[in-house]
Amino acid sequence: MTSTVPVKADQPDTIGGVPGAPPVRRATALVNRVAAGLDSAPVQMAAPFTGLPMVTLPQATDADTRAVFARARRAQHAWAARPVRERQRVLLRLHELVLEHQDEALDLVQVESGKARIDAFDEVSATALVAAYYGKHSARILAPRRAAGALPVLTRAAELHHPKGVVGVISPWNYPLALTAMDVLPALMAGNAVVQKPDNQTALSALWLHELAERAGLPVDAWQIVLGRGSVIGDAIVDESDYVCFTGSTPTGKRLASRIAGRLTSYSLELGGKNPMIVLPDADVRKAAAGAVTACFSSAGQLCVSIERIYVHETIRDEFLRAFAERTEALHLGAELDYSAGMGSLTSPEQLRTVSAHVEDARAAGATVVTGGRARPDLGPLFYEPTILTGVTERATLFAEETFGPVVSVYGYTDVDEAVERANDTAFGLNASVWTRDTRRGQQVAARLKAGTVNVNEGYAATFGTVGVPMGGMKESGVGRRNGAEGLLKYTEAQAIAVQRGLRLRPFRGLPPRLWTGAMTAGMKVLRCLPGR
Ligand code: NAP
């Protein structure tokens, strides 16, 4: 691994003392956008690259949060009354603004999360893509749909989609810009108001997009941001929302779901993963190794869809491991706000503790560290080397549990059925990856994997960047999907309206029921053969 001299914290007038970051007054201006809690006992957050104070955030109370929902509810009616095409124009303008002002977004995402700029760009591009997708397709997806009625000609049926009302969005710290966009923008497009709770660690990125959305024409109360710990304001969000969209860990998702069940509100949960990659014997080993570096170490592995387990066919295992380790060691670790680094830092001391503990525990349980395996305080307080392990046994915590860091276990296999079985042998089902020269075979293997997204000859980026298809988790990785038509329609109540003319759906006066049911039976047989029924 190459590396650069650590950041010197000698620029206290920039956010987090990070050289080249926006000035502190910019953070203050963004914080003033929060909807509540400005008189509260604030919390101070630290920048991962320097460990220095980054921003002081007001914290809402339970009562503050409920008041914000009341304001959002009032704003929702006027927003929903606007034609969908007018709402779309706001998103198309937002798409332009995001691309135009991307440098500031890249700085903020890097400073708050510690990720490399190339990974921050993933967030900018996902945000722009999702704004463009819903900016172009919402009217079509939400349009009333005519359906074949119970009796041809006599029953006219249609399906409508109404907004839920006020959507509560709870977001994690790892993809603060992209996940805000992916979850908030479709909720708004469907005609809802949104109250969002970002994670304190990365609140500025969400506030930045919020500011841009207002510039793009979004009424300010239609999307409101509250800050606070989930343990303090989480219940208010669940109690007041007409739909809850949660992204975060599986344990928190389960806790929220049990509270939501008491209200029978609808929800989606985007949760954790232990994502596998299968390298088939015919794969291009060098491409697979290069792909694995991106798949495992983007955002220092703090990515829900990143790969933590690799199954390589025994015939190419040694060659793959050599190429993978070589490329991993060539990754440049750094904290610069430019494109020089291939991998950045972890985001919080808790993350560093988990990653270090998982690696030490795996070692104690017999694993071999092929490369990495240590923290790098010489680069910054939260740096940890990209780490490849072999010989990981079931006794190791990371064998089955998500590490959410730059650590991957490589295993050999002899038969593709065995690889599929081992890849599926997990409580999770978020993302997976298959590498082969035969893409048809790759798709066949992909369809056997129990994961919400599967990428052939890519780690995660192909599905992540294709925002027109749904993304989400099977098994304990979640409930529901974001992106695509599903990611918009989940924020609506479907309503069926049917108009009956002429004949009622009961025997008319004087007609014996047996004759009526006989005629209906014959009719149903004929209708089955008609197209469109
Ligand atoms: P987390 O601890 O579950 O927190 C996620 C969010 O939930 C934070 O804003 C957190 O705020 C809030 N929260 C915690 N307890 C809450 C409660 N009782 N009520 C309401 N909100 C509450 O998850 P994390 O550690 O931040 O994020 C990493 C996890 O997210 C990983 O497992 C990762 O795989 C998963 N993730 C999944 C996806 C996906 O699309 N499937 C995407 C990104 C991340 P506070 O902790 O500040 O209270």
Side-chain angles (χ1 to χ4, degrees), residues 43 45 57 59-60 62 65 112-113 115 119 122-123 126 130 168-183 195-203 205-206 225-241 244-260 267-275 298-308 346-355 398 401-405 426-431 451-453 460 463-464 467 470-483 487:
V43 296
M45 309 310 295
L57 298 173
Q59 300 289 280
D62 180 282
T65 307
E112 288 193 313
S113 68
K115 65 179 68 180
D119 299 329
D122 266 2
E123 297 218 43
V130 91
V169 174
I170 300 173
S171 314
W173 45 264
N174 67 319
Y175 262 59
L177 189 65
L179 296 179
T180 292
M182 287 176 165
D183 292 338
V195 175
Q196 184 198 9
K197 181 197 110 51
D199 194 286
N200 279 332
Q201 178 64 40
T202 49
S205 303
I225 293 186
V226 287
L227 301 178
R229 300 292 304 184
S231 52
V232 177
I233 62 171
D235 286 355
I237 295 174
V238 169
D239 294 350
E240 301 291 334
S241 295
V244 178
C245 170
F246 172 78
T247 305
S249 65
T250 298
T252 310
K254 285 182 178 174
R255 260 202 308 281
L256 285 182
S258 61
R259 186 169 180 101
I260 294 167
Y267 61 91
S268 57
L269 303 173
E270 300 285 347
L271 308 176
K274 187 76 190 173
N275 308 306
S298 290
S299 290
Q302 300 171 121
L303 170 58
C304 56
V305 288
S306 78
I307 297 296
E308 295 199 1
L346 294 172
T347 302
S348 65
E350 296 78 45
Q351 284 298 109
L352 182 59
R353 272 196 293 278
T354 305
V355 170
L398 61 67
E401 278 184 28
E402 182 185 41
T403 302
F404 213 53
T426 167
F428 297 106
L430 191 58
N431 181 46
T453 52
Y460 65 84
T463 50
F464 188 71
V467 295
M471 169 196 174
M474 298 185 186
K475 300 192 273 182
E476 296 208 357
S477 287
V479 175
R481 297 289 183 268
R482 65 160 60 94
N483 293 350

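Both counts, for ligands and for their atoms, begin at 1 and track the order of listing.
- Using 4.0 Å as the threshold, Phe404 has a heavy atom nearer than that to some atom of ligand 1.
- With no hydrogens or angles considered, a side-chain donor-acceptor pair links Ser249 and Thr252 at under 3.5 Å.
- At the shortest separation from atom 7 (O) of ligand 1 among protein heavy atoms lies Phe246 CE1, 3.2 Å.
- Lys254 has a carboxylate O that lies under 4.0 Å from a charged side-chain N of Glu476, or vice versa, which qualifies the two as a salt bridge.
- Ligand-side atoms of ligand 1 in range of Ser171: 6 (C), 8 (C), 9 (O), range being under 4.0 angstrom from any heavy atom.
- One option in Gly230, Gly234, Gly473 has a heavy atom closer to atom 22 (C) of ligand 1 than any other, and that option is Gly230.
- A donor-acceptor contact under 3.5 angstrom links the side chains of Gln302 and Thr347, judged on distance only.
- The residue from Lys197, Arg229, Gln196 that puts a heavy atom closest to atom 11 (O) of ligand 1 is Lys197.
- With respect to atom 30 (O) of ligand 1, the closest heavy atom belonging to the protein is Gly248 C, 3.0 Å.
- For the residues Val238, Thr252, Asn275, Asp235, the heavy atom positioned nearest atom 13 (N) of ligand 1 is part of Thr252.
- With respect to atom 36 (N) of ligand 1, the closest heavy atom belonging to the protein is Cys304 CB, 3.6 Å.
- On a distance-only criterion, Asn174 and ligand 1 share no N/O pair closer than 3.5 Å.
- Inspection of the Tyr175 and Thr180 side chains reveals no N or O donor paired with an N or O acceptor under 3.5 Å.
- Considering only non-hydrogen protein atoms, atom 37 (C) of ligand 1 sits nearest to Leu271 O, 3.1 Å.
- There is no protein heavy atom closer than 4.0 angstrom to atom 4 (O) of ligand 1.
- Looking only at heavy atoms of the protein, atom 27 (O) of ligand 1 is closest to Pro172 CB, 3.7 Å.
- Using 4.0 Å as the threshold, Arg482 has a heavy atom nearer than that to some atom of ligand 1.
- Every N/O-N/O distance between Thr247 and ligand 1 stays at or above 3.5 Å.
- Remark: minimum distance from atom 24 (P) of ligand 1 to any protein heavy atom is reached at Trp173 NE1, 3.6 Å.
- Counting heavy atoms under 4.0 Å from ligand 1, residue Leu303 does not touch it at all.
- Looking only at atom types and distance, the side chain of Arg482 has a donor-acceptor partner in the side chain of Thr247 under 3.5 Å away.
- Using modelled atom types and a 3.5 Å distance limit, the side chains of Lys274 and Thr426 yield no donor-acceptor pair.
- Taking every heavy atom of Ser249 and a limit of under 4.0 angstrom, the matching atoms of ligand 1 come to 1 (P), 2 (O), 3 (O), 23 (O), 29 (C), 30 (O), 32 (O).
- Of the N or O atoms in Glu402, one or more lie within a sub-3.5 Å distance of an N or O in ligand 1.
- In this structure, a donor-acceptor pair under 3.5 Å is present between the side chains of Gln196 and Ser171.
- Heavy-atom contacts of Leu256 reach the following atoms of ligand 1: 19 (N), 20 (C) (cutoff under 4.0 Å).
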